[in-house]
Amino acid sequence: MRTIALLSLASLTTAALVSACGASEPAPVAPPVASVAPVAPSASVAAPTAPSLALAQTGIETSWMDPSADPCQDYFAYACGGFVKNTPIPPDRATWDISATIQKTNEEFLRATLETAAASPGTDPVMKKIGDYYAACTDEASIDKAGAKPIAPLMATIAKVHDGKTLADAITALHAQAIFPLFDVSSQQDYKDATQMIAGLDQDGLGLPDRDYYLKDDGNLKDVREFYVGHVGRMFALAGLKPAEAKTAVDDVMRIETKIAKLQQDKVTRRDPYRVYHRIDRAGLVGVAKTFPWEAYFKGLGFGDVQAISVNEPAYFSGIDALMHDEKPAAWRHYLAWQVLHTEASKLAKPFVDEAFAYRQKLTGQKELEPRWKRCVRGVDRALGELLAQPYVAAKFAGDSKQRAQALVDAIHTAMGAELSSLPWMDDATRAAALAKLEKIDSKVGYPDRWRHYDFDVSRTDYAGDAMAADRFELHRQLAKIGKPVDRAEWGMTPPTVNAYYDPSMNEIVVPAGELQPPIFSKDFYAPVNLGDEGASTVGHELTHAFDDEGSQFDGAGNLRDWWTASTKAQFQAATKCVQDQYAQYEAVPGVKLNGALTSGENIADIGGVKLGYAALEAWKKAHPEEERTVAGFTDEQLFFLAYAQGWCSSERPEYLQMGARTNPHSPPRWRVNGPMADVPAFAAAYQCKVGTPMNSGKVCSVW
Ligand SMILES: [Zn+2]
């Protein structure tokens, strides 16, 4: 649902096409809350039914609205204008939005938990482990004293590169540490047999966010690239290179990364599951990348017998195999050293951390580095997430929270069944297959049934050692799945995460406890408000991903299989094209338009999510026919749309928006509101928008 973690999606290491819809931006300091209207709802408001409610008691944040804006001209401005105007982006954030408000609360809670655990862990092994990890992470004096020593063993391996064999040895050693020059390795479900885990080898090894940054000049691409050149040089200087060698090293890095970029698939290509799945297995891999020592490679990772392998694109592996002969060992030493510095900088002393932040600042516009404690809370979540989640869930998702959230999921699921049954463009054969797929969609809500173990040692005095051990442990855990049946109980996000996802191979939606908190969801909110935000923008959105232009290519068992008749598929593709053309007209920042093909899956999910939430609202009204309700003059329908829109109230720095236009499959929040509103006729009816206004243009794109 939410915006996306543009700089890391580390927790979702399996299927490349998992639709992770959320934000992992660090939480900021408290924003001043502007008060242009009634105050925010009290959490203790009881059983929210009907007429006596004031608007602010429904869960709608009145101060976020701008009543002077015309909802038919710009609904985002109407629902969120007050938020945008009165809520500055904290200096240690690139954006500020609803997810961020929950993250802030979560991080403060987790900080208190971790500081207690670090100060007096007691005998509880969970508290001891997370406390030790946090204590080491916040011990800046020891981290600064260690300087760059934690990466010295890797640098020593790289220094030995003088031919093809030693180059492969160094690549293997880096991969075993989860540093991925040239390509990466993990496990994934087999797209054609979703019951089995196989190895997935994929393109990787660039320091800029996408291939376009190396190959194009439009927008701010050239400017960012030029900054990156300086950044690489400064990092090499910190690592001890003399100016002349640093200059050569930067040239080597840029030349090699540009060659890699030319070989890589672009982000639109990578949305096509058939383009990123090639089950060539070990023999096929040896065939396409003939000179790379694959046997030694897999042995070096500790998994010498791996046979079942998919690569994103065989030609890519042929290309990098040739590239390894195309550059001199000295150039490779520079490229590999850069990959280590780029990946591990955050674990090193302050000068490395600061330089890494300077680059992130260039990309996102974020003004200040987050304080250490915030980085360490996130670090524990990343390294030991399901340990840290245990006290979180006990405090924040207790009682009947899980049942209430599950009831909401079930209501949207039922609405989707009705929607599929009545879609005019679908023939009966495809409809039957779609309903069968819907029937099989699993949902995971809140937190896992059983907690994961983390079998690696944590030292209270060696942060980099801990963080690198955590990376190795996670890689090993992933690779150990290869050749085995899928574990359907596993979660791809930790419970405090303010996010949700749909995984087409698992055919399941996952909504962590962090996503089920106010102001997104509360048992005390008025039902149309919960249906508009959590119902439409999270549950409906994720369910629609099962049928977007990617998800629809997988069947109910999670297998990549075409279950569409040709004529219905043609109609689906025409409807998808309509959405792509619509969003391609929208701008991220002046002069930079959205990529309709990159964002179409998310846009389809947004539009579908609103429709499903709305259908669930109508069902709820039928089941609660007491009377015609209005709250402060707002109908249930208007409140529903208002809640949906307020789920996207957000401010972003222009740098962040521009990077998102290149790399983010989600549209910016403004268009996640105004796009679907223009496509859902019930919105125009609810606000009586005249034909010809932007929210009722007369042209509607409709997929689901
Ligand atoms: Zn999504």
Side-chain angles (χ1 to χ4, degrees), residues 1-6 8-9 11-12 14-25 95 97-99 267-268 270-273 409 412-413 416 438 441-445 491-493 497-512 514-516 520-521 532-554 576 579-580 582-583 586 594-613 644-645 647-648 650 660-661 663-673 675-676 679-680 701 703-704:
M1 160 197 184
R2 304 287 139 194
T3 52
I4 200 168
L6 287 168
S8 78
L9 264 178
S11 63
L12 284 170
T14 51
L17 297 176
V18 168
S19 295
C21 305
S24 312
E25 261 244 297
T95 67
D97 56 22
I98 307 312
S99 301
K267 284 201 153 52
V268 172
R270 290 172 63 75
R271 294 192 65 247
D272 180 346
V409 172
I412 304 290
H413 197 277
M416 183 142 211
L438 177 67
I441 296 179
D442 279 340
S443 55
K444 290 175 175 163
V445 172
W491 282 52
M493 283 179 181
T497 307
V498 189
N499 201 341
Y501 67 90
Y502 170 76
D503 181 335
S505 292
M506 294 287 264
N507 194 29
E508 68 177 11
I509 68 167
V510 180
V511 187
E515 178 73 16
L516 293 158
I520 296 176
F521 175 78
D533 194 346
E534 189 67 32
S537 66
T538 301
V539 179
H541 173 101
E542 299 304 341
L543 273 180
T544 307
H545 271 314
F547 301 95
D548 72 14
D549 51 345
E550 285 176 353
S552 63
Q553 300 186 62
F554 293 79
T576 299
V579 173
Q580 291 183 351
Q582 174 192 344
Y583 281 76
Y586 298 151
L594 303 189
N595 182 331
L598 175 63
T599 56
S600 66
E602 294 298 338
N603 298 332
I604 289 169
D606 283 342
I607 299 164
V610 172
K611 287 185 184 170
L612 294 181
Y644 171 80
W648 294 115
S650 174
T663 58
N664 193 339
H666 304 84
S667 298
R670 168 178 297 276
W671 302 118
R672 297 190 76 168
V673 174
D679 287 326
V680 177
C701 296
V703 186
W704 298 106

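For ligands, and for the atoms within them, numbers begin at 1 and follow the listed sequence.
- Inspection of the Thr576 and Asp549 side chains reveals no N or O donor paired with an N or O acceptor under 3.5 Å.
- Distance check for His666 against the Zn ion (ligand 1): none of its N/O/S atoms falls below 2.8 Å.
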For Glu508 and Tyr502: C-alpha separation, side-chain torsions, deciding distance, then whether side-chain contact (heavy atoms from CB on, under 4.5 Å) applies.
CA-CA 6 Å; Glu508 68 177 11; Tyr502 170 76; 5.9 Å; no

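- For the residue pair Asn595 / Gln580, no side-chain donor-acceptor distance below 3.5 Å is found, with atom types taken as modelled.
- Within the coordination shell of the Zn ion (ligand 1), defined by N, O or S atoms under 2.8 Å, Glu602 is present.
- The salt bridge (Lys or Arg N to Asp or Glu O under 4.0 Å) search around Arg670 returns Asp74, not counting sequence neighbours.
- The NE2 atom of His545 and the NE2 atom of His541 subtend an angle of 90° at the Zn ion (ligand 1), given to the nearest 10 degrees.
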